[in-house]
Amino acid sequence: MTPTTPRRPCPSSARRRPRPVAGFVAAALTVALTGTGCAALTGDTGTDELQQFLSALSSGDLAGAAALTTDPAAAQETLEANVLAMGFTPTLSAGTPDGDRRPDRDPVTVEITWDMGTAGDDEADDDEAGSDPAGGTPGTEGAARIVTTTGEARTTRVGEDWKVEWAPTILDTRLEPGGTLAFSEILDYDTSVLDRTGEPLLQWTPVTAVTLAPGAVESADAVAALVNPVVPTITGQTIREGMTEAGDQPYQIVALRPSDIDPIREQLAAVPGVTLPQSGDLIRTDRSLTSPAINSLPTAWMDAITAEGGWTAEIVNPDAEPIELGSAPVGQVDDLVSTLQISMQRAAQQAVDSSALGASIVAIQPSTGGILAVAQNSAADRQGPVSMQGRFPPGSTFKIVTTAAALEAGVVGPDEVVPCPASVTVSGRTIPNDDDFELGPVPLETAFARSCNTSQAVISDRLTPEAMKDTAAKLGLGVGFFAPGLGADTFTGSVPVTEQGPARVEAAIGQGEVLASPFGMAVMTASLANGGRMILPHVVDGMTGDANDAPEPLDPGVVDTLRRYMEQTVRSGTATAANSIPGLGGKTGTAEVGTGPAHGWFVGSTGDIALAVLIEGADSSGPAVSMAAGFLGAAGQPAPLARG
């Protein structure tokens, strides 16, 4: 009797978990062997090796799959090229084979379903060959993108071993030598980002990348001499530093628009080691217009056009028309309208550039939460995007929170007379007024307008531990906000829970552990101007985003009292330098920072604009008040939104 090989169970069709291959993005690829019966894959026919090949492919182990073939080098090269061209790491399952086909005798049909996810899926590819200028990943979802290819596989003996007979037709019978599968997204790059008036802010533009080869460091000065008149921050030293960081990779020095590159293109091309690849990018229409609020707008733009993106999957063979596997048309995307106003942004930039110290301005529209302008000067730029992410003690501007907490709790009345001595010791902490001024017993409104530290210290001693933290949150200070184009790392502030004692007294005047950014103080002031209801700051119209907290609004009576106090601050208090601005109410702050000069603050609102101004190391709030007045006088009020 001839011995027989024990029968094995038919392979499972269950989906396996994807295992990413370095450099690829995980998605789904389903593979099934087709036939007419389970008897086909029995006996010593190379069936086990074929299953191992498919399993390796399904797990993303392309090298392992290739090693099971008759030509590992060619197989690995082809598999990697096709997976890369499709843009995804495969996962697959082998279906149940039927019939009496044997892979060593007859080709076994391999049906492959490529699931490229959905438009905007976080696991999807970023677009064609790295053309995502935002460097971000789309976050919305669209229609599924699925195609199927049908290939054939055979096995053969090589010595004592069974191998999968390598041919590109394993992936698809129509795939010829040198051909490849290809997936491409089709996006509406004509979509622009406009400012709130409809003026173009960002547009897709052809650009030329000025790139220097790794070994061409001696060309740094020559390149810098040519591009420095266009981009003054580029020098031979900055290029050398960038090349060091790039290591053995080409270093892209700058991407220039046609009007900038054309006059120097031939001279650059003649510099040893320089290449000038061309592509497209979403760039500012005005190079001089810089702002941390603009930097993340390309991410929102990419989200929008990807959500309506079309796609095509093809077999591309040499010297032949592509064979379409599947496609979907691109949808039209309306221009995005930013809440930013270019004229206000220019006014804010001009204002901060007037100071040699680090200066920041953030302006927000209280009625909508739309960000109007965010500017910081070069001294601030050296620290990063401090206008949106900085952590500074807010000083006496925080008295808005302390006073609101006291009024809401009823521990002080709106017209109550409070003491304002030159200094006071509360809960073991001695607090002086600036320059030791004293007013004696005065109405709370006067103490607020004149920024009496000692009055605030006395008031804070009557509060509960959570009072200031909870009140700050009602105005958005200490709350995290998330909106398309806003940036993932924005910081409003942090306010601690303080037990009765020195820490609470310090927090009451915006010192100690209380921290805030100019963005956070602008959010606080805008929320107060919004009737005490926390705004949702955003930078793209219609994309208001969300917050990690939803506090109740301030009591309307408290809001009215605070706004009266702030108007008095401008009329007769510490901010009289800004009393030329109609309807302005505000609060000044001088924040101590160790042994160095104090920071100067001003926050305020008038009409439908709220702002925060910070000048680091100014040692007084006076320069911030003057800067705010200059900005508001030039900026005016927000223009209506151009809603396409």
Are side-chain heavy atoms of [X] and [Y] found at a separation under 4.5 Å?
X	Y	result
S527	K474	no
L212	I253	yes
V207	I261	no
I342	T197	no
L486	M388	yes
E199	L194	no
W311	V147	yes
L297	L201	yes

If you take all heavy atoms of [X] and [Y], which pair is closest and at what distance?
X	Y	value
S355	M627	CB-CE, 3.9 Å
A642	V337	O-CG2, 2.9 Å
P250	P214	N-CG, 3.9 Å
T306	L187	CA-CD2, 3.9 Å
A472	V495	CB-CG2, 3.8 Å
Y251	M243	CD2-CG, 3.7 Å

**Report entry** Criterion side chain to side chain contact (heavy atoms under 4.5 Å, CB included) on K587 and F602, from CA distance to verdict
**Finding:** CA-CA 6 Å; K587 185 72 190 77; F602 177 78; over 6 Å; no
Establish, from distance only, whether the side-chain atoms of [X] and [Y] form a donor-acceptor pair under 3.5 Å.
X	Y	answer
S343	Q341	yes
S387	Q376	yes
Q203	R284	no
D608	S367	yes
T244	E241	no
S378	D381	no

Query raised in the report: Is the shortest side-chain N to carboxylate O distance from R346 to D286 below 4.0 Å?
Result: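 Salt bridge flag = yes for D286 with R346.
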Between the side chain of [X] and the main-chain N/O of [Y], is any donor-acceptor distance below 3.5 Å?
X	Y	value
Q332	E308	no
N548	F481	no
S338	V539	yes
S219	P272	yes
T191	D188	yes
T606	P582	yes
H599	A591	no
T492	G478	yes
S291	V374	yes

With rounding to the nearest 0.5 angstrom, report the [atom1] to [atom2] distance, [X] to [Y].
X	Y	atom1	atom2	value
L336	D195	CG	CG	13.0 Å
E314	S327	CD	OG	8.5 Å
E616	N377	CD	CG	8.5 Å
I400	L477	CD1	CG	10.0 Å
I615	S626	CD1	OG	8.0 Å
S192	D335	OG	CG	5.0 Å

Requested in this report: Answer yes or no: are there more than 12 heavy-atom neighbours, outside E324 itself, under 6.0 Å from its atom CD?
Outcome: yes
Query - R265 CZ: over 12 foreign heavy atoms closer than 6.0 Å - result: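 Enclosed: over 12 neighbouring heavy atoms sit under 6.0 Å from CZ of R265.
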Report task. Would you please test I294 and L340 for side chain to side chain contact (heavy atoms under 4.5 Å, CB included) and show each step? Result -> CA-CA 9 Å; I294 295 176; L340 295 169; 3.8 Å; yes
Query raised in the report: Do the rings of W301 and W204 sit parallel, tilted or perpendicular, given the 30° and 60° boundaries?
Result: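 Rings of W301 and W204: parallel, under 30°.
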Query raised in the report: Yes or no on side chain to side chain contact (heavy atoms under 4.5 Å, CB included) for V540 and T339, after CA distance, side-chain angles and deciding distance?
Result: CA-CA 6 Å; V540 179; T339 61; over 6 Å; no
Report task. Answer yes or no for R145 and F183: cation-pi contact, defined as NZ/CZ to six-membered ring centre under 6.0 Å and angle to ring axis within 45°. Result ->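 No.
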Query - Partner residues of R240 under the side-chain hydrogen bond (donor to acceptor under 3.5 Å, both in side chains) criterion, sequence neighbours left out - result: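 With neighbours one apart ignored, the set is D221.
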Query - I234: which of V254, L226, V223 passes side-chain contact (heavy atoms from CB on, under 4.5 Å) - result: V254
Query raised in the report: Under the side chain to side chain contact (heavy atoms under 4.5 Å, CB included) criterion, do V231 and L256 qualify, and how do the steps go?
Result: CA-CA 9 Å; V231 188; L256 299 178; 4.2 Å; yes
